[in-house]
Amino acid sequence: MFFILISMRNAEVAALLYEIADLLELKGEMVFKVRAYRRAAQVIESLGRPIEDAWQEGRLEEIQGVGRGIAEHIDEFLRSGKSEYYEKMKKTMPMDVESLMRIEGMGPKKVKLLFDKLRIKTVKDLEAAARSGKIRVLPGMGEKTEQNILKGIEFAQKSGGRLLLGRALPIAEEIVENLRKLKYVNHVNYAGSLRRMKETIGDIDILVTSSDEKKVIDFFTKMPVVTDVIAQGPTKSSVHIQGGTQVDLRVLPESRYGSALMYFTGSKEHNIELRKIAIAKKWKLSEYGLFSGNRIIAGRTEEEVYKKMGLSYIEPEMREARGEIELAQKNRLPDLVTLKDIKSDLQMHTKWSDGVNTVEEMALAAKKLGYEYICITDHAGNLLVANALDAKRLDQQRKEIEKSDKKIPGIKILQGAEIDIRADGKLDLKNDVLKELDIVLASLHSALKLPEEKQTSRILAAMDNEHIDIIAHPTGRLIDRREGAQLDFRRIFEKAIETGTVIEINAQPDRMDLNDVNAFAAREAGCALSIGTDSHSTDQLRAMRLGVGIARRAWCTKKEIVNTLPYKDFAKKFGIKK
DNA sequence: GCCGTTTTCGGCCCGACTGTTTTCAGTCG
């Protein structure tokens, strides 16, 4: 068995290569050279194993997209923490490229021109120049350009960052529903990273087939949620909606729906791979279809296009150019877990600790979702902020759970608890209390900044306790708000297999923890996984689909997810006798 | 800069919209 460890250095190396790419682009280097750096960065970012391993083994050049030149930069960076090449370039172009490029409408050419002519280095410089009318006199620029720059700056300051998947999904679904109601609209779907279930979303892409393109675009740009229209052409439009999210719409004829949906679902890297296959067959693939010369040979459905290309259908969550195309060629894609496979939710809170609903309300809501059993996992121990239960209250709660279990037929209610792992690795409750519970979750809630070694030991110690069944939200991160614990996942996965501990995929929209890359590594290592919503109200139970999304992005089948087990098998696996 | 059952040289994904132009470059996805 081989193990995988996700290292922080991968992200550092990727960041360096991205920055080099930006600077090369400013310099006006060949687009292909720039692209080569970006591609290498992207591959290393989602590598799934530490770049140091390949480096120490002298096998950097075996990484896709890394050749002699880039390998040398990586080597220097890993040895010395610096890159002469990068620093030299940065000296000649000292502007804040990242921030400037993030302004809508600002690309490398404008950033370079504005630096050369006006010494603009920061967004602040840019704003001042635009306000005083210094930009309009430059070649290729005009008054409108200045206005757009100011609008772009204002917008970048207001919005900042990406939208959580769990927030973007309902918005996209509502827009899709509204478009679907129109008489002249046939197919409509959202695409993009949203359809691939990435944990955060840059913007929302929507695709429509219609007999009347103009009417669709008109309807779209005049929706009440639209705050301003960025672009509006005959087949394509972009708008901002309340809250600042950008929504792109594309209208296409029915016969192109499949190829367009593929194109807009991405990922970009997946599309490029597909197009290369088409080129090798002397065809051409675009959003308008698969072409042999001028003749369209596929495009109506995604299935048709994949099939014509000699590939089995690839689920959107797998389209990241991480080897799925090769598997599709061999017809060996995994049968991904689906929401329907889920028989239970293994993490939820009630009024007993920090939730808003009762045991009974949670159970009824879970039953409505079609679950066979659930696990009530209120906080227990000393976590006072979360109103954690002590031994006495756990006893009282057990009586209520048993009562509800009898009262509500068709769903089994288990008593679990979420126990805090203290900084020294000790658990927040005594063993004689833990042993009375059906399922025990252990998780980190504090001291998330300890060094990796200590943090890892904490989790390993918890797993060594025979009563701990699941490690919940392993890193404790909150997306865009808190980084979470540094962990040596290689050792954690080893210990999980040794002790039979399950690792949770937490489906809370701002947790998504394990994330897709770590869940991928866990599955490859052979770990058992669970998906829990960590719900604090009945509404939140529906977040299960986000967790399933992570599992699917990690190529999990139902075999790897313990809460797809029917109750009988689940009870047997965890030694529950009731 | 990378890469190769078409190539170790000559390719590298493809198209829409905007704004400033008067035929197109820049940007975006």
Side-chain angles (χ1 to χ4, degrees), chain A residues 17 20-21 23-43 60-74 85 100-114 135-149 151-152 191-194 196 201-207 213 217 221 229-239 246-252 256 259-260 262-291 321 329:
Chain A
L17 297 179
I20 291 177
L23 293 176
L24 288 173
E25 198 169 29
L26 287 185
K27 249 175 82 181
E29 273 286 355
M30 293 273 295
V31 283
F32 301 112
K33 188 166 165 177
V34 174
R35 205 177 283 166
Y37 276 92
R38 294 231 165 95
R39 184 173 137 73
Q42 193 260 334
V43 169
L60 281 175
E61 287 181 50
E62 285 173 34
I63 297 169
Q64 265 301 312
V66 177
R68 188 76 162 282
I70 291 181
E72 270 170 24
H73 296 318
I74 297 175
Y85 183 61
L100 287 169
M101 297 262 276
R102 214 178 290 150
I103 308 294
E104 175 116 48
M106 288 289 286
K109 294 283 159 36
K110 280 191 195 141
V111 170
K112 182 68 168 29
L113 180 75
L114 291 171
I135 293 177
R136 65 183 71 174
V137 298
L138 299 175
M141 308 275 175
E143 219 171 307
K144 191 88 193 227
T145 315
E146 278 176 350
Q147 283 168 21
N148 282 342
I149 285 173
K151 251 164 79 181
S193 47
L194 191 60
R196 303 202 311 280
I201 302 300
D203 53 29
I204 295 174
D205 299 299
I206 300 209
L207 208 60
E213 286 107 342
I217 300 270
T221 55
V229 178
I230 307 163
Q232 180 173 7
T235 64
K236 187 178 166 178
S237 170
S238 298
V239 301
Q246 181 173 330
V247 185
D248 296 338
L249 177 81
R250 199 62 184 250
V251 194
L252 284 124
R256 315 288 161 97
S259 49
M262 276 171 80
Y263 172 77
F264 285 104
T265 298
S267 67
K268 198 167 141 196
E269 291 73 22
H270 178 86
N271 286 346
I272 289 172
E273 296 292 310
L274 291 181
R275 284 176 177 188
K276 282 183 187 164
I277 293 176
I279 289 167
K281 293 182 191 283
K282 304 225 189 271
W283 296 337
K284 191 184 75 171
L285 178 64
S286 76
E287 62 261 52
Y288 296 109
L290 183 60
F291 292 89
Q329 281 171 327

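The analysis underlying the following values was restricted to heavy atoms, covering all of them including side chains, and did not include hydrogens, waters or symmetry mates. To find a chain, count down the sequence lines: A is the first, B the second, and so on, and within it residues start at 1.
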**Report entry** OP1 or OP2 of dT18(B) under 4.0 Å from side-chain N/O of N148(A)
**Finding:** no
Query raised in the report: If the C1' atom of dT8(B) is compared with that of dG1(B), how far apart are they to the nearest Å?
Result: 15 Å
Query raised in the report: Could you state the CG-C1' distance from L60(A) to dG1(B), rounded to the nearest angstrom?
Result: 15 Å
Report summary line: Whole-Å distance, L138(A) CG to dT21(B) P, equals 11 Å
Report summary line: Side-chain contact check for I279(A): nearest option of dG1(B), dC17(B), dC14(B) is dC14(B)
**Report entry** P-based separation of dG15(B) from dG10(B) [nearest Å]
**Finding:** 25 Å
**Report entry** Euclidean distance for C1', dC13(B) against dC28(B) (whole angstrom)
**Finding:** 14 Å
**Report entry** Per T145(A) side chain, nearest of listed nucleotides dG15(B), dT27(B), dG19(B)
**Finding:** dG19(B)
Requested in this report: Using a 4.0 Å heavy-atom cut-off across all strands, classify E72(A) as base, sugar-phosphate, or nothing.
Outcome: nothing
Requested in this report: Counting heavy atoms from C-beta on, name the nucleotide in dG1(B), dC13(B), dT27(B) closest to the side chain of P108(A).
Outcome: dT27(B)
Query raised in the report: Can you check whether S286(A) has a side-chain N or O nearer than 4.0 Å to OP1 or OP2 of dC13(B)?
Result: no
Query raised in the report: Hey, is the side chain of Y263(A) pairing donor to acceptor with the base of dG29(B) inside 3.5 Å?
Result: yes
Query raised in the report: What integer number of Å spans the P atoms of dT6(B) and dC2(B)?
Result: 23 Å
Query raised in the report: Using a cut-off of 4.0 Å on non-hydrogen atoms, how would the nucleic acid contact of K268(A) be classed: base, sugar-phosphate, or nothing?
Result: base
Query raised in the report: Just how far, in rounded Å, is C1' of dT18(B) from CD1 of I230(A)?
Result: 12 Å
Query raised in the report: Using the C1' atom in both, what is the distance from dT20(B) to dG26(B), to the nearest Å?
Result: 11 Å
Query raised in the report: Once you round to the nearest 0.5 Å, how far does CG of L252(A) lie from OH of Y263(A)?
Result: 11.0 Å
Report task. Using only side-chain N and O atoms of R35(A), determine if any of them is under 4.0 Å from OP1 or OP2 of dC13(B). Result -> yes
Query raised in the report: Does Q246(A) make a side-chain N or O approach to OP1 or OP2 of dG29(B) shorter than 4.0 Å?
Result: yes
Query - F32(A) CZ - dG1(B) C1' separation (whole Å) - result: 12 Å
Query - K144(A), nearest nucleotide to its side chain (from dT20(B), dG29(B), dC17(B)) - result: dT20(B)
Requested in this report: For L285(A), answer base if it contacts any base atom (sugar-phosphate contacts may also be present), sugar-phosphate if it contacts only those atoms, and nothing otherwise; contact means non-hydrogen atoms under 4.0 Å.
Outcome: sugar-phosphate
Query raised in the report: Are OP1 or OP2 of dA16(B) and a side-chain N or O of S238(A) less than 4.0 angstrom apart?
Result: no
Query raised in the report: Syn or anti for dT7(B), with syn set at within 90° of 0?
Result: syn
Requested in this report: Answer yes when E25(A) and R38(A) have at least one side-chain N-carboxylate O distance shorter than 4.0 Å, and no when they do not.
Outcome: yes
Query raised in the report: Given dA25(B), is OP1 or OP2 found less than 4.0 Å from the side-chain N or O atoms of K112(A)?
Result: no
**Report entry** Among dG15(B), dC2(B), dC3(B), the nucleotide that comes nearest once only the side chain of R68(A) is considered
**Finding:** dC2(B)
Query raised in the report: Of the candidate nucleotides dG1(B), dT27(B), dC13(B), which contains the atom at the shortest distance from the side chain of K110(A)?
Result: dT27(B)
Query raised in the report: Does a side-chain N or O from Y288(A) land closer than 4.0 Å to OP1 or OP2 of dA16(B), or not?
Result: yes
**Report entry** Intermediate values then yes/no, side-chain contact (heavy atoms from CB on, under 4.5 Å), E287(A) and R256(A)
**Finding:** CA-CA 7 Å; E287(A) 62 261 52; R256(A) 315 288 161 97; over 6 Å; no
Requested in this report: Would you indicate which nucleotide in dC13(B), dA16(B), dC17(B) comes nearest to any side-chain atom of A231(A)?
Outcome: dC17(B)
Requested in this report: Classify the side chain of K282(A) versus the base of dT6(B) as yes if they form a donor-acceptor pair under 3.5 Å and no if they do not.
Outcome: yes
Query raised in the report: Want to settle it: does R275(A) or G107(A) sit nearer the 5' end of DNA chain B, counting the closest nucleotide to each?
Result: R275(A)
Query raised in the report: On a whole-Å scale, what distance lies between the C1' atoms belonging to dG29(B) and dT23(B)?
Result: 24 Å
Query raised in the report: With a non-hydrogen cut-off below 4.0 angstrom, is V31(A) in contact with a base, only sugar-phosphate, or nothing?
Result: nothing
Query raised in the report: Of the candidate nucleotides dC12(B), dT18(B), dC3(B), which contains the atom at the shortest distance from the side chain of Q64(A)?
Result: dC3(B)
Query - Intermediate values then yes/no, side-chain contact (heavy atoms from CB on, under 4.5 Å), D205(A) and L194(A) - result: CA-CA 8 Å; D205(A) 299 299; L194(A) 191 60; over 6 Å; no
Report task. From the options dC2(B), dG26(B), dG29(B), select the nucleotide whose nearest atom is closest to the side chain of D203(A). Result -> dG29(B)
